[in-house]
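Here's the structure, in structure tokens; my notes come after.
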Amino acid sequence: NSKVIQTPRYLVKGQGQKAKMRCIPEKGHPVVFWYQQNKNNEFKFLINFQNQEVLQQIDMTEKRFSAECPSNSPCSLEIQSSEAGDSALYLCASSRGVTSGNTLYFGEGSRLIVV
Amino acid sequence: AQKVTQTQTSISVVEKTTVTMDCVYETRDSSYFLFWYKQTASGEIVFLIRQDSYKKENATVGHYSLNFQKPKSSIGLIITATQIEDSAVYFCAMREGDQGGRALIFGTGTTVSVSP
């Protein structure tokens, strides 16, 4: 079973609505990644954190998506104004360290449907 | 540019047999890390096995093993003695270099169906 906990498993939003997903990384993992997986099994990297600090993020994340990993609270990814194209599986992953040799461990994902 | 390609869309096998999946990658880095994950029907992505580019020996974990052919930029996954529960989508992924925060780059997956 996943040790990375993502909630909710499913969310349905209307266009223009906010959609918020949460992630509790595996214990002892200070690095968190968010990915979007579309229906064609394509993974898009969105943003990553080391503790509370953003390491990298793509343009899409900077504009309509907001994310944070506050101390002693779950990480979150929020879409400010949902669009149909945002319908996807949002995956959170965590790792022990920031370097590339560290394995990412994933949660079960939050499936967003925008109607 | 970094890229991971899985050309096999789906494979069907009978249980207790061996299945082999292909994956080729592109990178300019001399140091990189290769991973295989499987995604179950529930959506959960499970880490299976990894190969570090500087290691010559093929990695093996349980009934998973890798066929690492560095000159061909190829990292195949071999599953022996398949079980019904091995039915899943298998993803190959790569992380380049040893710099902080590099994202994992995925292929588009191979669906494996194991039948009785």
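A note on names: the letters A, B, ... follow the listed sequences, proteins ahead of strands, and every chain is numbered from 1.
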Requested in this report: Check whether any side-chain N or O of B:Arg50 sits under 3.5 Å from a backbone N or O of A:Gly101 as a donor-acceptor pair, and report yes or no.
Outcome: yes
Report task. Could you tell me whether a side-chain N or O of A:Ser100 sits under 3.5 Å from a main-chain N or O of B:Glu96, the two making a donor and an acceptor? Result -> yes
Report task. State, with a plain yes or no, whether a side-chain heavy atom of B:Gln39 is found less than 4.5 Å away from one of A:Leu89. Result -> yes
Report task. Give the member of B:Thr40, B:Ile105, B:Leu104, B:Val89 that has the highest number of heavy-atom pairs under 4.5 Å with chain A. Result -> B:Leu104
Consider only side-chain heavy atoms of I, L, V, M, F, W and Y, link residues closer than 4.5 Å, and tell whether [X] and [Y] are in one cluster.
X: B:Val61; Y: B:Tyr90; value: yes
X: B:Tyr25; Y: B:Leu48; value: yes
X: B:Ile45; Y: A:Ile47; value: yes
X: A:Phe106; Y: B:Leu77; value: no
X: B:Ile75; Y: B:Phe47; value: no

Query raised in the report: From A:Leu104 CG over to B:Phe33 CZ, what is the distance, rounded to the nearest 0.5 angstrom?
Result: 12.5 Å
Report summary line: Here the gap from A:Leu55 atom CG to B:Arg102 atom CZ, rounded to the nearest 0.5 Å, amounts to 12.5 Å
Go through the atoms of [X] and report whether side chain, backbone, both or neither lie under 4.5 Å from a heavy atom of chain B.
X: A:Tyr35; answer: side chain
X: A:Gln6; answer: neither
X: A:Arg111; answer: neither

Requested in this report: Mark yes when over 12 heavy atoms from residues, nucleotides or ligands other than B:Lys70 sit less than 6.0 Å from its NZ; otherwise mark no.
Outcome: yes
Requested in this report: Evaluate whether atom CD of A:Glu53 has more than 12 neighbouring non-hydrogen atoms of other residues, nucleotides or ligands under 6.0 angstrom away.
Outcome: no
Report summary line: Heavy atoms of B:Arg95 and A:Val98 approach each other most closely as NH2-O, 3.6 Å
Query raised in the report: So which part of B:Tyr37 gets closer than 4.5 Å to some heavy atom of chain A, the side chain, the backbone, both or neither?
Result: side chain
**Report entry** Selection from A:Asn102, A:Thr103, A:Asn40, A:Asn48 maximising heavy-atom pairs under 4.5 Å formed with chain B
**Finding:** A:Thr103
Report task. Under the ring-ring contact (aromatic ring centres under 6.0 Å, His included) rule, collect the residues that match up with B:Phe91, sequence neighbours excluded. Result -> A:Phe43
